[in-house]
Amino acid sequence: MTIPLVVVGCGGHGREVLTIARAMDAAAGRPRWRLLGFVDDRPSEENLKRVQRLDVPYLGGVAWLRDAPPDTQHVIGIGDPRVRRAVARRVDAYGIPAASVVHPAATIGADIVPGPGFVAFAGARATTNITVGRHVHLNQNATVGHDCTLADFVSVNPLAAVSGDCELAEGVLVGTTAAVLQGLRVGRDSTVGAGACVVRDVPDGVVVKGVPAR
Ligand SMILES: CC(C)(COP(=O)(O)OP(=O)(O)OC[C@H]1O[C@@H](n2cnc3c(N)ncnc32)[C@H](O)[C@@H]1OP(=O)(O)O)[C@@H](O)C(=O)NCCC(=O)NCCS
């Protein structure tokens, strides 16, 4: 039986999430998802055209999900952790469950049980004993080492490396190609800039950048 799926967000991240669902179906050899379409409150004209080219309908604003067909699931295709959190709160209120999509070219350890809404792009790797909260996104070729905790709404952007024993608190964004050295904690809603190297704990609600990250 196929699962009706709606992608929230027509932007680049959302359209990439759609390609992950399609890659899962192609790898399995039989469809798991029935892609109903995209919802987005303020899609640009450009993104609407891009969605059309993917041959998937634009359904309307996020409120479309309130009256979604039975058994519909959603996945939030929004890269910014805090925007994703705000949207998740709305969708949760409609009682629509979150699906997880894992690209067949991602490597997620067998002992990892991600929370709902997990998205793993092609080349993402998470090894062993990693706690993964809700709506966590591991972008292309991002790596997460042993014994980490990724709290709800964490994003690890392309090619970033989170070493073993780290804790990324809720809403953390690790920018593209950044490194977080082993055993460190990045505080709630903090951002690690692209290319940064985090060498000590990062407090809540700050932006750090550079090598070493400050
Ligand atoms: C660090 C970051 C959050 C800063 O964003 P911001 O506060 O809007 O910063 P601004 O663009 O206004 O730049 C402020 C200053 O920081 C510098 N800067 C910006 N990003 C930087 C980075 N990653 N590393 C070092 N310096 C950076 C800018 O050059 C600028 O310097 P200046 O004041 O000397 O001119 C952002 O640039 C970043 O790296 N985000 C991650 C993006 C990412 O991962 N993208 C991939 C998406 S898939």
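Order of listing sets the numbers, starting from 1, for every ligand and every atom in it.
In summary, the side chains of T72 and R34 do not present any donor paired with an acceptor at a separation below 3.5 Å, with no hydrogens or angles considered. One side chain, S155 or R84, offers a donor N or O that lies under 3.5 Å from an acceptor on the other.
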message: Using side chain to side chain donor-acceptor pair (under 3.5 Å), reason through N141 and R125 one step at a time and then give a plain yes or no.
response: CA-CA 7 Å; N141 299 312; R125 288 170 183 262; over 6 Å; no
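Annotation for D204 and S190: closest pair C-OG, 3.3 Å, computed over non-hydrogen atoms. For the pair A98 and G117, the tightest heavy-atom approach, listed with the atom from each and the gap, is CB-N, 3.7 Å. Here the shortest heavy-atom pairing between P81 and V172 reads CG-O, 3.8 Å.
Taking atom 1 (C) of ligand 1 as the reference point, the nearest protein heavy-atom neighbour is G193 CA, 3.5 Å. For atom 17 (C) of ligand 1, the closest non-hydrogen atom of the protein is K209 NZ, 3.8 Å. Here the protein heavy atom with the shortest distance to atom 4 (C) of ligand 1 is V207 CG1, 4.4 Å. Ranking protein heavy atoms by distance to atom 40 (N) of ligand 1, first place goes to A194 N, 4.2 Å.
With hydrophobic clusters built from ILVMFWY side chains whose heavy atoms lie under 4.5 angstrom apart, L159 does not share a cluster with L181.
For atom 37 (O) of ligand 1, the nearest protein heavy atom lies 4.0 Å or farther away. In this structure, atom 48 (S) of ligand 1 has a protein heavy-atom contact shorter than 4.0 Å. Distance screen at 4.0 Å: atom 32 (P) of ligand 1 has no protein heavy-atom neighbour inside the cut-off. For atom 26 (N) of ligand 1, a protein heavy-atom neighbour is found at a distance under 4.0 Å. Shown here, atom 13 (O) of ligand 1 is out of close reach of the protein: none of its heavy atoms lies under 4.0 Å off.
The distance between the ring centers of H103 and F121 does not fall below 6.0 angstrom.
Shown in contact with T191 at under 4.0 Å from a heavy atom are these atoms of ligand 1, numbered in order with element: 3 (C).
Taking a 4.0 Å cut-off on heavy atoms, P158 registers as neighbouring ligand 1.
Between N157, T177, V208, L159, it is N157 that holds the heavy atom closest to atom 45 (N) of ligand 1.
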